[in-house]
Every structure is written in structure tokens, then in C-alpha cells.
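Position 1 is the first residue of the sequence, and the numbers go up from there.
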Amino acid sequence: MSTSTPRLAVLFGPRRGVTRDVHQRVLVGRGVEADLQLIDEKVSREHCVFEAQDSGVVVRDLGSRNGTWVNGERLHGPRVLAANDTVGIGETLVVYSPDVEALLARDGDSTLIMSSATKLGLTTSAAELPGADAWAQAGKLMLESALAANRDEAAQKLARAVLAGLTCDEVLLCTRTAEGALRPWVGLPAGVVMSINPALAELAVKQQRAVSVEEAQARALRDEHTTRVTSRRAFVLCAPLVSPAGTVGVVFAARSTPFDSKELALATVLATAVAPSLRAAPVSAPPAREELVAESPSMKEAVRIARQVAPTTSTVLLSGESGTGKEELASLIHRSSKRAQGPFVALNCGAIPRELAESELFGHEKGAFTGANQQHAGVFERADGGTLFLDEVGELPLELQVKLLRVLQERLVMRVGGRAPSTVDARIVCATNRDLEREVSAGRFRADLYWRLNVVRISLEPLRKRVEDLPALTTRLLARHAAALGRRPPEVSPEALQVLCGYSWPGNVRQLANALERALVLKSDDSAVTLSDLPPELLAPSEGGDAPPGKRTLAELIATLEREQILLAMKRARGVKAQASEALGISRPTLDRKLEEYKIDWLAEAVS
């Protein structure tokens, strides 16, 4: 920055305060666009302006109704300010001084400093700012929040102080999501309904001080059974929660009467004092995770789509057989997203008892049912700010599918036994090994939920169709199991690798991991894994009594048996594929694929 041209910066609070962006001019007025906003009926929307020029700091009136006064005389044109000149703007008295140290020595004053090397300083009179009691309250609050057990307690203390200190009707603290959107955090009174103005919040954060505007606000009227929301005019204050490490969020407060300059200054100080205590605890870096093995074309495509969709908020549906790596892919989406520092919570919907599924999903209040001795946060709340992975979502009962759809659409969670919903901010990734379209047709899965989940779909092929992945997977799994056993990872003999690549792996990667773990556990040394180390079911029986193990793999035997059963079903159904697929318990597309794969011409083979 050039030292020859003075510039402007704004400081709030006693002594040091918080510095905002540097400007060439400071606009003073009652409007929200003013750099120095004074909520005073005697101040015009755009009242006057201070500008840095070659001749010094110049004050100029902008045609205000009550005028701008310098040393008791009304301005009729631009005027260069001298040291200790006083500028009257409505009920506020501004003192100019080029001595920055003198300005910083004014306890309780709100200070404007202009220049690259502190060329200009402006300070509002102490009569227009909070008194000693207010500053003492801010100091007390800062100490209490620093000693708070957690950030939620500190947020509650700030909300109570703003509600009481500014005599507001409602107070709402908002944090920022990973995508930068405002998310309600703490509100008073309980169940408060407020309309959030993102533009007002952006202005407060940009200017790093409390600002106020008159606007329409929602008002909740409650009785014992119902809540009615009406619209009313209100004055809304917004103060930024600015800490040395950055902006935590904002505080909104609303009431029926305007906020004066004292209250704006007090709100700024309170928010600034408590903001450091509201930052989330530093998240330790998660242990480095191995990249997915993706040597096969289908797996490369799945990983490509996952990385492309990760930065968005779109819901992802992963489909494929059990054990194909759906959770690993969901974890990859989380690690590649803007929520990587947030929690990754996984829930297997098919592994929880039906009667406890709602509580596990949405949580419950104390006393909601027998055995509910304390509050319990569901997976949606535990995944707040991160990613929620719902595995085997097709196992959810229909009554819970309705509630899941509501949460996905409204981002509101109602605990079992709760009286008011709470907002959640979790990215949803679901997985299933079922054919959900078939489940929808059969009435076992809701069509509206299916279409809500099926925004971006990624299908994972079974391991038997990803033979290119097997060598790398084998090497990685052996290294992982060997490390757990405190041993050196062994190599794999060519014959054993051939058997592994030829097996059908009905249990997919999970079965492969178990087979390799067994081989390591039963080995007494670090020699290569051979045929004799593999589970018996992977080896084909000997042919003619003298054939070596592995000449025909189990995959080949299963394929032969499968072909025979499909051919028999087609003969019995006289070529009617719908009847044959029903008898075999597979879908019509699967039957067509198998007929093509095994090159089955049932009519020709029946005649022969």
C-alpha cells in the first residue's frame, strides 16, 4: 500500500477491537449501506462522507436534512479537518485526531482510523456508546463463555445476554455450513421462529459490526396444541461472530422498536467477545486411508463418478451385491467433499431391530418409551455437518420410509417423544443390494423415496466381473492382515493367484479378505501363499483321482451347474422367459444376460 495516500479502516470495541477491510472513504448515515451506520432519527440515510485526499482528510455533507456540523458550524462545502476538530452528526459527536495512540487510549470509544501509516482517526463520543456497565457485562460474558463446558453452553450464554441486554423479542445464533449457507444453531425463546436474511448477514460480516434493518419477520403464536406463524414488521439486528481464526457465524435479534447506536455497539462487542469460544474444537486429521483399488474399467468409472459428485450436495445411491465395496466408495465421497472435516456416520438399516430403527435414525427423548432413561441423538444428528451413509436402505420398513423422506426433503428431525423438530445438515449417501425398482413394483419400497434417493446412482459390479482388480486387492489385503499380525506380507504363488482370479467370489471382497486372512493365520512362516494355504472351497476336486488341485476351479463347476439349471428351467417353461425367471428366482434381465453369457439355445439343445 502506498504511504503517500491515506486510507481508511474501521475499529470497534475498547482499545484494539476488530479491524475491517480498508477503504478510501467512509460513508456515514442511517442506511444499511453506510460504512458507519448510526441508528438516529436525526441522521439521514446518506448523511456525510469522510474522504482521504492529497490535502488531508476531508468531510463533506451529502445534503442531509439536519446538516453536518464542524466545531459548532454547519458545513456548506467540503472541509479539510485539523487535529481535534469535532464533527456533529445527529446526536453523535465525532472527534478527529491524527494521533492514533491518543485514539487507542480512549477506553470504550468506537474508533475509525484513516491512513496507511495512521494518518486519520475519528472517534464517536462516549455518550453515544455503551456505558461502563455494558462493557463490564461483555467482559464477564467473555470470561463465562471461556469457562463454559462446551461451545453449546457458550452459545446459550450469548443468546441470553443479547435477549436481556438488548430487550429483544427473539434471538437466533446461526453457524455456516460447509457450503457457506446459514444454519440455525441456538434460539431463544425455545422454539423461536425467525426469518433469516442472508444479505443482512453478509453485510454484517463484510463490515464486521452489528447492522440493523426494518423488514418483515415471521412470528410464532403458540397455544397448548398448535403453532400459528404470522408475518409482522420488525427491526432486525445482525452481529457477526468474528474470532481471530475467522467468522464463526452471526447473531440475529428482532424486536418491534429500532436499535440505537449504543445497542449496535453493545451487540458488536458481545458477539466479538464470545466468538472465540464458539469455534468448534480442532478436528484431528483422520488417519490416511488407502485409495480404492480400481484397475477394472467398471471400478474406474465408479470412482470417477464418485469424485465428480463429491463436491456437490446431491444424494447418492450405491447399488451392487453385498461386499462389493459400497461403504468404501461412500467414504471416498465423504473424503473428497467439502465436509471432509465433519463426521462420517454409517448405519446398516438391515442390522437394527425393527422396534429400535426409528430411535436409531432420529433419536429419542428421555422417557419416550420404556427403557429410554436418557436422551439419545440419532444418526442424522450425529452426522450433522458431515456425511450419513445408510447401508441396505431397502431393508427399512414402509412406515420409516415415510419419515426418512420427510427428513430428506425438509432437513428437520423429530426425535421419538420430542415436541419440536431440529434442523440437520448431513449429506446422504445410501446403498442397497436389492433391485429397488422391483421392490417399488412389489409395493415394498415407496416410489417417492426411491426417486428422492436416486439422484446420482453408482452401480458396483461383483468381484467376479472385476478380475483386473484381484491381483491388487490380494496384495493390499495381505499387507493389511499381515500388519495386524505383526508379520511381513507374503507373496502369492502364480498357481494360487490363478485360482483366486478364477473363483466366482459370491461373497465378493469380504470373502476374499476372509480367505487371505485364513491363509496368513494358518501359515507358520512368511513364505509365499500357495494352493495348499487356500480354503478348500476355492479348489476344484481332482479329476480322475490324479488331477492336481486347481485344474478346474469352483467357479467353473458353479458355472456348469448354473447353465444346467437355466437350461432345465427354460425347457420346463417351454421357452417362456417370464415363467423360467420366476422359477429360478431371478429377474427377467438377469435371465437374458445369463442366456447370452452361457450361449444357451434351449430349443436346439432340447431337440438334440
Please say whether the positively charged group of Arg255, taken as NZ for Lys or CZ for Arg, lies over the ring of Phe259, i.e. under 6.0 angstrom from the six-membered ring centre and within 45 degrees of the axis.
yes
[Y] backbone acceptor or donor facing [X] side chain under 3.5 Å:
{"X": "Asp384", "Y": "Val424", "result": "no"}
{"X": "Arg382", "Y": "Ala377", "result": "yes"}
{"X": "Arg45", "Y": "Gly29", "result": "no"}

Taking 4.0 angstrom as the limit, do Arg415 and Glu381 come out as a salt bridge?
yes
So does Arg339 pair up with Asp425, basic N to acidic O under 4.0 Å?
yes
Answer yes or no: are there more than 12 heavy-atom neighbours, outside Gln374 itself, under 6.0 Å from its atom CD?
no
Neighbour count >12 (heavy atoms, 6.0 Å) for atom CD, Glu41
no
Who passes side-chain contact (heavy atoms from CB on, under 4.5 Å) against Leu203, sequence neighbours left out?
Val32, Gln207, Val211
Which distance, rounded to the nearest 0.5 Å, do you find between the OG of Ser314 and the CD1 of Ile428?
12.5 Å
Testing His364, Glu365, Lys366 one by one against Gln375 for a side-chain hydrogen bond (donor to acceptor under 3.5 Å, both in side chains), which residue passes?
Glu365
Between Leu404 and Phe362, which heavy-atom pair has the shortest distance, and what is it?
N-CZ, 4.0 Å
